[in-house]
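Small disclaimer: the values here were computed from a predicted structure and weren't measured.
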Amino acid sequence: MTKEFDLAALLAERGAERYELHARHLNHQLPRMLHTIGFDKVYERAEGAHFWDADGNDYLDMLAGFAVMGLGRHHPVVRKALHDVLDASLADLTRFDCPPLPGLLAERLLSYSPHLDRVFFGNSGTEAVETALKFARYATGRPRILYCTHAFHGLTTGSLSVNGEDGFRKGFAPLLPDTAIPLGDLDALARELRRGDVAALVVEPIQGKGVHEAPPGYLRAAQDLLHRHKALLIADEVQTGLGRTGKFYAFQHEDGVDPDLVCVAKALSGGYVPVGATLGKDWIFQKVYSSMDRVQVHSASFGSNAQAMAAGLAVLSVMENEQIVANAAAVGERLRSRLTELVDRYELLADVRGRGLMIGIEFGRPKSLKLRSRWTMLQTARKGLFAQMVVVPLLQRHRILTQVSGDHLEVIKLIPPLIIDTADADRFVDAFTEVMDDAHNGGGLMWDFGKTLVKQAVAHR
């Protein structure tokens with residue numbers, strides 16, 4: 001007799017095997033890495049910006065699932081929208097009709113960027129970038145895409161072609177025709193455009209890796225240069241969009257910037273159903289979908305599915321009704337200003353930067369001999385180990401989840417749910433202050449862990 005499927009029973013029976021199952025059947029390096037740095041926690045439940053373990057301990061989430069959980073976890077409005085759309089038993093994904101939800105979500109998204117006209121819905125951020133690359137190349141009739149050094153636009157083959165991290169690209173060539181230029185370097189951009197084969201420049205207004213913002217005036221000047229050479233500006237807002245930086249889009253911090261294509265994803269999902277969107281100008285879509293013969297020239301099997309569209313509509317409703325963008329701006333300013341005050345206090349703390357609730361904390365070489373010798377030990381083994389030394393006690397001692405902002409970087413990136421309040425911000429600053437006090441006072445546990453990381457780094461060379 002076939003046993004009826006029972007999800008709760010399955011989790012109760014097999015949930016304790018989670019790390020073994022991943023090691024056996026999925027990416028075997030993930031559990032290995034988590035065990036090494038002490039991140040192999042078992043979280044039982046989550047709500048908003050917090051997790052709880054089996055003992056009822058509360059953890060503050062300053063990572064938001066790599067910015068996916070813009071509204072935190074299990075927002076009741078998004079949950080209700082998903083229950084409603086499932087209960088409606090819609091005739092979804094027939095592929096030969098025009099259901100209302102995609103049109104309604106496109107209409108709402110476009111209202112935040114009135115210079116754009118049409119939307120393509122896919123399933124992820126990398127798909128949104130892939131769509132923009134394809135559309136830009138077809139619309140301009142040119143093959144080459146420019147991107148910025150240290151950029152991250154995704155890991156599928158097209159988006160990998162505009163990824164500025166060699167570690168991700170290595171071993172996957174040949175990729176699309178591409179050229180990296182420094183973020184903010186208008187001369188480099190002009191030089192490449194003069195070759196006449198550039199379709200577009202794709203750029204993050206604030207780079208996720210290292211949290212580096214485009215210099216003031218750069219996006220507008222780059223846009224003007226691109227248009228003068230009949231090339232396009234693609235704004236990758238997958239991480240920075242939907243209020244993350246204190247504006248709905250990060251490019252809106254600079255007047256006169258009207259990208260030809262904009263990529264969004266992550267927070268639009270509400271943390272439930274993957275969704276990506278590429279917004280663009282009408283003439284670009286008219287060229288790509290130039291006739292009925294080309295109606296399916298670019299599509300996605302699960303694109304525009306009812307659950308994703310319902311989640312997206314609910315997210316935008318919550319953002320307006322609960323003033324999420326304003327909260328990100330206000331709480332982000334408090335968090336950044338309090339952290340900035342610590343730069344003069346700690347010689348290991350080099351810089352605090354970012355906008356809204358996208359903040360980079362950079363560490364640098366100290367002046368005192370004792371600290372400098374320890375810093376040099378870590379740097380010799382592998383750059384980025386000190387930042388990892390800070391991340392670990394934040395989780396182990398203070399139950400705060402953060403991340404290092406890229407391989408070989410001494411930067412911690414804070415991208416919490418946009419719903420965090422001043423108490424959450426103050427909790428992070430107080431914990432961070434204790435960790436930095438420990439580091440500067442020669443705290444044994446922290447530097448002992450640093451030695452462990454050094455041994456691991458040397459062993460894996």
Side-chain angles (χ1 to χ4, degrees), residues 48-49 61-78 81 104-116 119 125 128 204-208 211 213-214 216 219 235-259 262-272 275-277 279 310-339 353-360 413-426 428:
D61 179 19
M62 297 295 283
L63 181 58
F66 299 139
V68 167
M69 302 293 179
L71 301 183
R73 284 168 172 79
H74 308 302
H75 194 287
V77 173
V78 184
L104 291 169
L105 180 55
E107 181 180 68
R108 295 297 299 118
L109 267 179
L110 290 168
S111 71
Y112 294 98
S113 44
H115 73 286
L116 299 175
V119 182
E204 303 155 278
I206 302 177
Q207 291 186 329
V211 193
E213 186 175 5
L219 292 177
D236 181 346
E237 295 270 3
V238 169
Q239 186 166 130
T240 55
L242 276 74
R244 169 62 55 189
T245 68
K247 296 278 191 181
F248 191 85
Y249 293 119
F251 71 77
Q252 292 171 337
H253 288 287
E254 186 175 323
D255 291 337
V257 180
D258 300 318
V262 175
C263 306
V264 297
K266 288 191 181 288
L268 187 61
S269 68
Y272 282 102
V275 59
L279 291 71
L313 284 164
V315 165
L316 296 181
S317 176
V318 170
M319 290 188 69
E320 291 184 0
N321 293 337
E322 299 184 12
Q323 299 183 315
I324 298 299
V325 179
N327 185 72
V331 178
E333 176 58 30
R334 179 184 179 90
L335 181 57
R336 186 164 51 86
S337 63
R338 285 202 63 195
L339 289 169
R353 56 181 175 265
R355 284 185 183 268
L357 286 172
M358 185 173 183
I359 297 172
K413 179 169 62 176
L414 306 181
I415 44 172
L418 306 181
I419 59 168
I420 67 166
D421 56 24
T422 55
D424 295 323
D426 290 344
F428 175 83

Rounded to the nearest 0.5 Å, how far does [atom2] of [Y] lie from [atom1] of [X]?
{"X": "Ile415", "Y": "Asp61", "atom1": "CD1", "atom2": "CG", "value": "9.0 Å"}
{"X": "Gln239", "Y": "Phe66", "atom1": "CD", "atom2": "CZ", "value": "9.5 Å"}
{"X": "Leu339", "Y": "Phe428", "atom1": "CG", "atom2": "CZ", "value": "6.0 Å"}
{"X": "Asp258", "Y": "Leu116", "atom1": "CG", "atom2": "CG", "value": "8.0 Å"}
{"X": "Met62", "Y": "Lys413", "atom1": "CE", "atom2": "NZ", "value": "13.0 Å"}
{"X": "Leu316", "Y": "Leu105", "atom1": "CG", "atom2": "CG", "value": "6.0 Å"}

Any idea which heavy atoms bring [X] and [Y] closest together, and the distance?
{"X": "Val211", "Y": "Gly354", "value": "CG1-CA, 4.1 Å"}
{"X": "Ala265", "Y": "Gly276", "value": "CB-CA, 3.9 Å"}
{"X": "Ala128", "Y": "Cys263", "value": "O-SG, 3.5 Å"}
{"X": "Leu109", "Y": "Ala277", "value": "CD1-CB, 4.0 Å"}
{"X": "Glu237", "Y": "Pro205", "value": "OE2-CG, 3.4 Å"}
{"X": "Ile206", "Y": "Met358", "value": "O-CE, 3.7 Å"}

Problem - Other residues, nucleotides, ligands: >12 heavy atoms within 6.0 Å of Asp255 CG - result: no
Practice task
For Gln323, look at atom CD and say whether over 12 heavy atoms of other residues, nucleotides or ligands are found less than 6.0 Å away.
Solution key: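 No, the 6.0 Å shell around CD holds no more than 12 heavy atoms from other groups.
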Under 3.5 Å, is there a donor-acceptor pair between the side chain of [X] and the main chain of [Y]?
{"X": "Glu333", "Y": "Ser337", "result": "no"}
{"X": "Asn327", "Y": "Leu418", "result": "yes"}
{"X": "Arg244", "Y": "Leu357", "result": "yes"}
{"X": "Lys266", "Y": "Met69", "result": "no"}
{"X": "Ser317", "Y": "Leu313", "result": "no"}
{"X": "Gln252", "Y": "Tyr112", "result": "yes"}
{"X": "His75", "Y": "Gly270", "result": "no"}
{"X": "Asp426", "Y": "Ala423", "result": "no"}

Problem - Result of checking Val318, Leu71, Val315 against Val77 for side chain to side chain contact (heavy atoms under 4.5 Å, CB included) - result: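 Single side chain to side chain contact (heavy atoms under 4.5 Å, CB included) partner of Val77 among Val318, Leu71, Val315: Val318.
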Practice task
Just say parallel, tilted or perpendicular for the rings of Phe251 and His115, cut-offs at 30° and 60°.
Solution key: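 Plane angle over 60°, so perpendicular.
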Problem - Pair Arg353 + Glu213, salt bridge at N-O below 4.0 Å - result: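 Result for this pair is no, no salt bridge flagged.
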Exercise for the section: For the pair Lys247 and Glu254, find out whether any cationic side-chain nitrogen is under 4.0 Å from an anionic carboxylate oxygen. Expected result: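 Salt bridge between Lys247 and Glu254, a charged N being under 4.0 Å from a carboxylate O: no.
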Practice task
Indicate yes or no: at least one non-hydrogen side-chain atom of Val264 is less than 4.5 angstrom from one of Val238.
Solution key: no
Practice task
Could you please spell out the steps behind the side-chain contact (heavy atoms from CB on, under 4.5 Å) verdict for Ser113 and Val262?
Solution key: CA-CA 9 Å; Ser113 44; Val262 175; 5.9 Å; no
